[in-house]
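Notes follow the structure.
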Amino acid sequence: MTLRAVKGMNDILPDEIGRWQALEAVLRRTFELAGYREIRTPVVEPIELFVRSIGEATEIVEKQMFVLKREDESLALRPEGTAGVARAYVASTLYAREPVSRLYYLGPMFRAERPQRGRYRQFWQAGVEIYGDPGPGCDAELIDLLVRMLSELGVQNLRVLVNSLGGAETRARYRDALGAFLRPKAAELSEHARRRLDDNPLRILDSKNPQDQAAVAGAPSILELLTPEDRAHFEGVTQALTALGTPFEVSPGLVRGLDYYTRTLFEIQTSGAEIGSQNALLGGGRYDAMVKELGGPDVPAIGFALGLERVLLALPQTEPAANARCFVAPLGERARVEALVIARELRGAGIPAEADTRGGSLKSLLRRADGLGARLCLVLGDDEIGRGIVMLKDLAARAQIEVPRAELVARARELLASAPPAGGPAA
RNA sequence: GUGGAUGUAGCUCAGUUGGCAGAGCACUGGACUGUGGCUCCGGUUGUCGCGGGUUCGAGUCCCGUCAUUCACCCCA
């Protein structure tokens, strides 16, 4: 019985890691250019934190948490990032040090759902949180930043959905109104939706079931029930987005399964089939009540989270770039040790270098160099050692020159700095 | 959590009414005693997911199980 990775948790192998690192670099650069600083919080938190922030009756808290019991502690692997960051913000009294905190995070999250394309039990999220700015300007700025980032990454078919849930008062009123509208139509709803009528009728709005969609048509919109303050905020967001030239759709049916959201709610989807039956690349919104709920002062907040796996699936596949590596191919016993010395010298000069230690014919060594995607191959045997030279091959150019041993590093550096010939090396 | 599909070499997949386990790619050796990507010739690679059943005989049929995947659900 071979050991496997835990269901829904995947190894990221070296062949794929380049795409991950490239995406992570874009995320960090985007956030840092916009004034966000990284925060790293624990992967494990007290269950109580998620119950209080995400909501006791949510799917995530009820069914999807990986729970750890240790002595008298009840812990959980974090199912999302916002709660932990908010906890850290309160616990370290960041609010007392600066009026506005702009934070970002990047790391693995855990939810025990049935795995599927674009949905895993361990998955990576990157997100930001802004504390202390009541908006709506920062709401719009954040959405605009994300739309531009995804476009620049090359994600096609973006849809930007924006909605407002208003404050607690609006939300309660809307629940009642929606319940009153749907209850007479209970017979037309799917069984699943019917069960939600009492505990969370808003979720029926984004059901994919055609039956539910039909029943929901003509339902009152939450946007009609916003208080004047909520309405002014939402208009501020949409006006700023328009002024920024960010395309968006007002989507009164947009709802999220986390209880903490207030006012602005947004989601960026791709309509392509790349991410399977999931369609959200990122989602977020305002959660003005959470900091206080967690024992901090009354500080408003907004944030979002992006699924790295989903963005990678939605991204165009790129050819791996030919690398600037050197392969050192020794022929014979004497050359073997010398190859190690040469590789060390090259690395000392900042040139990625690998010396062969397995031996074999020159033909197989050259194949090995090709297989690594190396740009240069250094060949040395008894002949070269006797003459104090090394054979320096430019694999891409299919050319070779004899180079005095002492000039090797300098000549290799020159070749690597020059562009590979047209036609390029084989991938 | 519910329903469907699929599990055969490192990868992609064939495998007929049940009758010797296959191909391409990859890897490797040679043609070319020390010159790579193309070509040609050869070679290595298997718990047919796992367990049971039917049968003279099971990759093939039946039952169970696990995994993957698709849809629902959920969400990033």
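Note on naming: letters A, B, ... go to the chains in the order of the sequence lines (proteins, then strands), and numbering restarts at 1 for each one. Just so it is clear, the model here is predicted, and its values are computed rather than measured.
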Distance between P atoms of B/rG46 and B/rG1 (Å, rounded): 36 Å
From B/rA67, B/rC74, B/rU2, nucleotide with atom closest to A/Arg114 side chain: B/rU2
Side chains of A/Leu27 and A/Leu306 in contact at under 4.5 Å (non-hydrogen atoms): yes
Nearest-angstrom distance from the residue atom CZ of A/Phe110 to C1' of B/rC75: 16 Å
Separation of the C1' atoms in B/rC27 and B/rG10, to the nearest angstrom: 9 Å
Donor-acceptor contact present, side-chain A/Ser74 to main-chain A/Ile47, <3.5 Å: no
Gap between atoms CG and C1', on A/Leu366 and B/rG34 respectively (whole Å): 9 Å
Touch class at under 4.0 angstrom, heavy-atom based, for A/Val379 against every strand present: base
Crowding at CD, A/Glu56 (>12 non-hydrogen neighbours, <6.0 Å): no
Side chain of A/Lys7 (C-beta onward), nearest among B/rU68, B/rA76, B/rG29: B/rU68
Gap between atoms CD and P, on A/Gln64 and B/rG1 respectively (whole Å): 11 Å
Verdict with supporting geometry, A/Arg102 and A/Glu141, salt bridge (Lys or Arg N to Asp or Glu O under 4.0 Å): CA-CA 13 Å; A/Arg102 294 185 159 218; A/Glu141 187 199 27; 2.9 Å; yes
Any A/Gln116 side-chain nitrogen or oxygen under 4.0 Å from OP1 or OP2 of B/rA71: yes
Residue A/Leu258, side-chain heavy atoms: nucleotide from B/rU35, B/rA76, B/rU68 that is nearest: B/rA76
A/Tyr287 and A/Tyr131 aromatic ring geometry - parallel, tilted or perpendicular at 30°/60° bounds: perpendicular
No-hydrogen, no-angle side-chain donor-acceptor test under 3.5 Å, A/Asp259 and A/Thr58: no
Contact nearer the 5' end of RNA chain B, comparing A/Tyr120 with A/Pro115: A/Pro115
Sugar-phosphate, base or nothing in reach of A/Arg203, heavy atoms under 4.0 Å: sugar-phosphate
From B/rG34, B/rA76, B/rC74, nucleotide with atom closest to A/Glu59 side chain: B/rC74
Spacing between A/Arg358 atom CZ and B/rG29 atom C1', to the nearest angstrom: 14 Å
Along RNA chain B (nearest heavy atom to each residue), the more 5'-positioned of A/Phe123 and A/Ser361: A/Ser361
Interatomic distance at C1', B/rG57 relative to B/rC20, whole Å: 12 Å
Euclidean distance for P, B/rA14 against B/rU6 (whole angstrom): 11 Å
Closest to the A/Ala280 side chain, choosing from B/rG34, B/rG36, B/rC75: B/rC75
A/Arg117 vs B/rA71: side-chain N/O to OP1/OP2 distance below 4.0 Å: no
Nucleotide B/rC74, atom C1' - distance to CG of A/Leu281 in whole Å: 16 Å
Nearest to side-chain heavy atoms of A/Leu282, which nucleotide of B/rC75, B/rU35, B/rA76: B/rA76
B/rG36 to B/rC66 separation - C1' atoms, rounded to the nearest Å: 45 Å
Nearest-angstrom distance, C1' atom, B/rU28 to B/rC70: 39 Å
Proximity of A/Tyr104 and A/Tyr36 rings by center, below 6.0 Å: no
Integer-rounded Å distance: B/rC73 P and A/Ile60 CD1: 16 Å
Euclidean distance, atom CG of residue A/Asp259 to atom P of B/rC74 [Å, nearest integer]: 14 Å
Residue A/Lys393, side-chain atoms from C-beta onward, closest of B/rA76, B/rC70, B/rU35: B/rU35
Nucleotide B/rU69, atom C1' - distance to CG of A/Asn10 in whole Å: 13 Å
Interatomic distance at P, B/rA9 relative to B/rA23, whole Å: 14 Å
Distance between P atoms of B/rA26 and B/rG64 (Å, rounded): 42 Å
A/Arg256 side-chain N/O to B/rA76 phosphate OP1/OP2 under 4.0 Å: yes
